[in-house]
Amino acid sequence: MRQNQVSYPGLFITFEGGDSCGKSTQVALTHEWLKSRGVTPVLTREPGGTDLGEKLRELILHGPDDMDPRTEALLYSAQRSYHMATKVLPALEAGEVVLQDRYLDSSVAYQGAARALGVEEILELNLWAVKGLVPDVTILLDVDPEIAYARRTGEPDRLEREPNSFQHRVRKQYEELARRYSDRYHIVDASKSIDEIQTEIQQILTPFLEDRLSGANR
Ligand code: TYD
């Protein structure tokens, strides 16, 4: 069931999960798979996805340590509103497939639950920001934060510097979102191998893409 107040001929796919769950790798592999099957999706991410969004991303992830949680929440929703209005919705209206790394569920899990700003308030703020546009399919890469932590590489950003309990709250909230929006959520066990996870994602997405996928590499 599509809960959108917005209707369009495209397909809106989002990927969600805690930090270092392997999401970016899987988004890239899914992108390659779709292209090999004749579908060229609009590949995008949040925070980011537009020039303004990428500037805000830098400020959010590497901004001052004393950033107020509400400021953080508003910056995420501000970049999201612009991203949706200028890139995501136009693509969906043109009938395209949008493959997006993180969307409003990230704000619900991170700002609403982990930062304890209130799940319903953050959901409402973000639904307002995007005029009610929700994904058709959400892939949740679920993994124990301790396993994810061990995979981490590079310098941690502001969010990654939070204690492990933060990521446990994020995970718990994603589980609740998956229950609440079971019509669009698909949970994948992200402790499995990269290949196993990608195979599962392809199986989940195939029915949604049936009319668009070419026979090549089938
Ligand atoms: P990123 O480097 O993209 O991390 P990941 O590879 O885990 O997606 O950084 C995004 C960070 O911002 C990540 O810690 C999750 C967080 N975030 C929020 O807290 N709220 C949001 O609405 C979004 C989109 C991301």
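Atoms within a ligand are numbered from 1 in the order they appear, just like the ligands themselves.
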J.: What is the nearest protein non-hydrogen atom to atom 17 (N) of ligand 1, stated with its residue, atom name and distance?
T.: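 That would be Tyr76 OH, 3.2 Å.
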J.: Quick one: does NZ or CZ of Arg184 land under 6.0 Å from the six-membered ring centre of Tyr181, within 45 degrees of the ring axis?
T.: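 Output yes; distance and angle both within limits.
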J.: Which residue from Arg45, Arg57, Glu160, Arg152 reaches closest to atom 1 (P) of ligand 1 through any of its heavy atoms?
T.: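 Among Arg45, Arg57, Glu160, Arg152, the closest heavy atom to atom 1 (P) of ligand 1 comes from Arg57.
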J.: Rounded to the nearest 0.5 Å, what's the gap from CG on Leu141 to NZ on Lys192? Could you check?
T.: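 Separation between the atoms: 11.5 Å.
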J.: Are any of the N/O atoms in Arg102 less than 3.5 Å from those in ligand 1?
T.: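 Between Arg102 and ligand 1 (N or O atoms, distance only) the closest approach is under 3.5 Å.
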J.: Could you check which of Leu61, Leu159, Asp19 puts a non-hydrogen atom nearest to atom 13 (C) of ligand 1?
T.: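 The nearest heavy atom belongs to Asp19.
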J.: Heavy-atom contacts under 4.0 Å between Ile60 and ligand 1: side chain, backbone, both, or neither?
T.: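 For Ile60, no heavy atom sits under 4.0 Å from ligand 1.
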J.: Without swapping roles, check the side chain of Arg115 against the backbone of Ala109 for a donor-acceptor pair under 3.5 Å.
T.: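 No, the answer is negative, given that no donor and acceptor are paired below the 3.5 Å cut-off.
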J.: Check this for me - ligand 1, Lys23, N or O atoms closer than 3.5 angstrom, yes or no?
T.: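 Looking only at distances, the answer is yes, because the N/O contact criterion of under 3.5 Å is met.
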J.: Which option wins on minimum heavy-atom distance to atom 22 (O) of ligand 1: Ser107, Pro47, Gly18, Cys21?
T.: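 Among Ser107, Pro47, Gly18, Cys21, the closest heavy atom to atom 22 (O) of ligand 1 comes from Ser107.
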J.: Would you find a donor on one side and an acceptor on the other, under 3.5 Å apart, between the side chain of Glu46 and the backbone of Gly48?
T.: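 No, Glu46 side chain to Gly48 backbone: no donor-acceptor pair under 3.5 Å.
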J.: For atom 19 (O) of ligand 1, state which one of Gln79, Glu72, Gln111, Arg80 supplies the nearest heavy atom.
T.: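 It is Gln111 that holds the nearest heavy atom.
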J.: Does a donor on one side chain sit under 3.5 Å from an acceptor on the other, for Glu196 and Thr199?
T.: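 No pair is found: no donor N or O on one side chain lies under 3.5 Å from an acceptor on the other.
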J.: Against heavy atoms of Ser24, which atoms of ligand 1 measure under 4.0 Å?
T.: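 Per the distance check, 6 (O).
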J.: Between Thr71 (side chain) and Met67 (backbone), is there a donor-acceptor pair under 3.5 Å?
T.: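 It does not hold such a pair.
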J.: Without hydrogens or angle criteria, can the side chains of Gln111 and Tyr76 be said to hold a donor-acceptor pair below 3.5 Å?
T.: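 No, because no side-chain N or O of Gln111 sits under 3.5 Å from a partner of the opposite role on Tyr76.
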